[in-house]
Protein chains: 2
Amino acid sequence: MGTTKSEIFTDRQNELAVLLKAIAHPARIAILQHIMAANACICGDLVDELGLAQATISQHLKELKNAGIIQGTIEGVKVCYCIEPKTWKLLQTQLADLFGAYQGQNTCC
Amino acid sequence: MGTTKSEIFTDRQNELAVLLKAIAHPARIAILQHIMAANACICGDLVDELGLAQATISQHLKELKNAGIIQGTIEGVKVCYCIEPKTWKLLQTQLADLFGAYQGQNTCC
DNA sequence: ATTATTAATCGTAATATTGCGATATAATAA
DNA sequence: TTATTATATCGCAATATTACGATTAATAAT
């Protein structure tokens, strides 16, 4: 055990869960906000801004990259990270669907 | 280690991360969709619908409840779960802010 | 009172996550 | 070549998550 039983859920449910998991960490939220504010970003900046070790931030960036949420291009010695628009919009759409299912008032409770 | 360093992030970042974490699992997404579709819900239904053990679903429900996303009221022998509108709207607002920060095109990458 | 029925909790095993120091890699600069 | 700088990866320890069988607690039905 310890592993999610993905087989029993729909592709959409699994996909959304993976994307949400990727952003469900304050450090990764902070990273995304930083990237969006700068409309570009360099890892070194984050090590100064956030109070986490370089190895830790690199790992968080990797997770965001694995989920397809950000993209990194080598810019000389540095690496420039930015939002991957396709995935970002996909997440937005999937969330809109999820929230859209809410009818407001409940009959029970 | 193994614990998130919440102290170094803002309250909003931590709050959003907690809410996202709560819904970042396919089973919990399925549960929320089920609750919203029925506009009410009973745990037993979920055990039949989803292919997870009763203990597992109860645990997922507890996590959603802990995060304040759902609310459960005892209805005789059964328990009726439903969305907690306040938290649900809060999450929606926080996400709108996060996505609102995205400027679209990037200057780099 | 006894027996279902429903859901919560306990205990446990397997696996995942978080964070960091140390080290490796890669590109530039001296 | 030899530093220097920037980022990635490795290895590890601490903790968290996922899942489930077994048990418990509480109400309802017989």
Side-chain angles (χ1 to χ4, degrees), chain A residues 1-9 13-14 17-18 20-31 34-35 40-67 70-82 108-109, chain B residues 1-9 13-14 17-18 20-31 34-35 40-67 70-82 108-109:
Chain A
M1 271 125 238
T3 352
T4 299
K5 281 179 117 188
S6 313
E7 331 86 60
I8 65 172
F9 303 107
Q13 286 167 339
N14 284 317
V18 166
L20 287 173
K21 208 174 185 183
I23 66 166
H25 190 286
R28 295 197 288 272
I29 290 171
I31 287 172
H34 195 82
I35 291 180
C41 172
I42 277 123
C43 179
D45 292 2
L46 296 164
V47 179
D48 299 334
E49 300 281 342
L50 316 180
L52 290 170
Q54 184 267 319
T56 309
I57 286 174
S58 188
Q59 204 173 272
H60 282 305
L61 286 166
K62 192 183 175 186
E63 271 171 78
L64 287 169
K65 221 164 72 177
N66 283 345
I70 63 169
Q71 177 193 9
T73 38
I74 297 159
E75 197 92 13
V77 192
K78 305 193 173 185
V79 175
C80 175
Y81 284 103
C82 61
C108 85
C109 304
Chain B
M1 270 126 234
T3 352
T4 299
K5 282 180 117 187
S6 313
E7 331 87 60
I8 65 173
F9 303 107
Q13 286 167 339
N14 285 317
V18 165
L20 287 174
K21 209 174 184 181
I23 65 167
H25 190 286
R28 294 196 289 271
I29 290 170
I31 288 172
H34 195 83
I35 292 180
C41 173
I42 278 123
C43 180
D45 292 0
L46 296 164
V47 179
D48 299 333
E49 300 280 341
L50 314 182
L52 289 170
Q54 184 267 320
T56 309
I57 287 175
S58 189
Q59 204 173 271
H60 281 305
L61 286 166
K62 191 185 177 186
E63 270 170 78
L64 287 169
K65 219 164 74 178
N66 283 344
I70 63 170
Q71 176 193 11
T73 39
I74 297 159
E75 197 91 12
V77 191
K78 304 193 173 186
V79 175
C80 176
Y81 284 102
C82 61
C108 85
C109 304

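Note on naming: letters A, B, ... go to the chains in the order of the sequence lines (proteins, then strands), and numbering restarts at 1 for each one.
The side chain of A:L52 lies closest to C:dG19 when the candidates are C:dT9, C:dG19, D:dC20. Closest to the side chain of B:T3, out of D:dA16, C:dG19, C:dA7, is D:dA16. Considering only side-chain atoms of B:K78, the nucleotide from C:dG19, C:dA7, D:dA19 that sits closest is C:dA7.
At the heavy-atom level, B:I57 lies nowhere under 4.0 Å from the strands shown. At a threshold of 4.0 angstrom between heavy atoms, the contacts of B:T4 are confined to the sugar-phosphate backbone, with no base atom among them.
If you take CD of A:E63 and P of C:dA16, they are 12 Å apart, rounded to a whole angstrom. Rounding to whole angstrom units, NZ of residue A:K62 and P of C:dA16 are separated by 14 Å. Rounding to whole angstrom units, CG of residue B:N66 and P of C:dT9 are separated by 9 Å. With rounding to whole Å, A:I23 atom CD1 is found 13 Å from C:dT18 atom P. Atom CG of B:L50 is separated from atom P of D:dT18 by 14 Å (rounded to the nearest Å). Atom NZ in B:K21 sits about 16 Å away from atom P in C:dA16, given to the nearest Å. As a whole-Å value, the separation of B:L61 CG from D:dT17 C1' is 16 Å. Summarising the geometry, the separation between CG on A:L46 and C1' on D:dA8 is reported as 15 Å, rounded to the nearest angstrom.
The side chain of B:Y81 places no N or O atom within less than 4.0 Å of a non-bridging phosphate oxygen (OP1 or OP2) of C:dT6. Using a 4.0 Å cut-off, some side-chain N or O of B:H25 falls inside it from OP1 or OP2 of D:dA19. Note on A:H60: a side-chain N or O is less than 4.0 Å away from OP1 or OP2 of C:dG19.
Annotation: the span from B:I31 atom CD1 to B:I57 atom CD1 amounts to 6.0 Å, rounded to 0.5 Å. Between B:N14 atom CG and A:I29 atom CD1 the span is 8.0 Å, to the nearest 0.5 Å. For the atom pair CD1 of A:I35 and CG of A:L46, the computed distance is 6.5 Å after rounding to the nearest 0.5 Å. The OG atom of A:S58 lies 12.0 Å from the CG atom of A:L52; values are rounded to the nearest 0.5 Å. Taken from CG in B:L50 to OG1 in B:T56, the straight-line distance is 10.5 Å, to the nearest 0.5 Å. The structure places CZ of B:R28 at 10.5 Å from CG of A:L20, a figure rounded to the nearest 0.5 Å.
Along DNA chain D, the nucleotide closest to A:G44 and the one closest to A:F9 are compared, and the more 5′ of them pairs with A:G44. Between B:G51 and A:Q59, the one whose closest nucleotide on DNA chain D sits nearer the 5' end is A:Q59.
Between B:I42 and B:K78, the shortest heavy-atom distance links the atoms CG2-CD, 3.8 Å.
Taking the six-membered ring for Trp and thresholds of 30 and 60 degrees, B:F9 and A:H25 have ring planes more than 60 degrees apart, a perpendicular arrangement.
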Along nucleotides 21-30 of chain C, 5' to 3', which nucleotides get a B, which get an S, and which get a -, given that the test is a protein heavy-atom distance under 4.0 Å?
BB----SS--

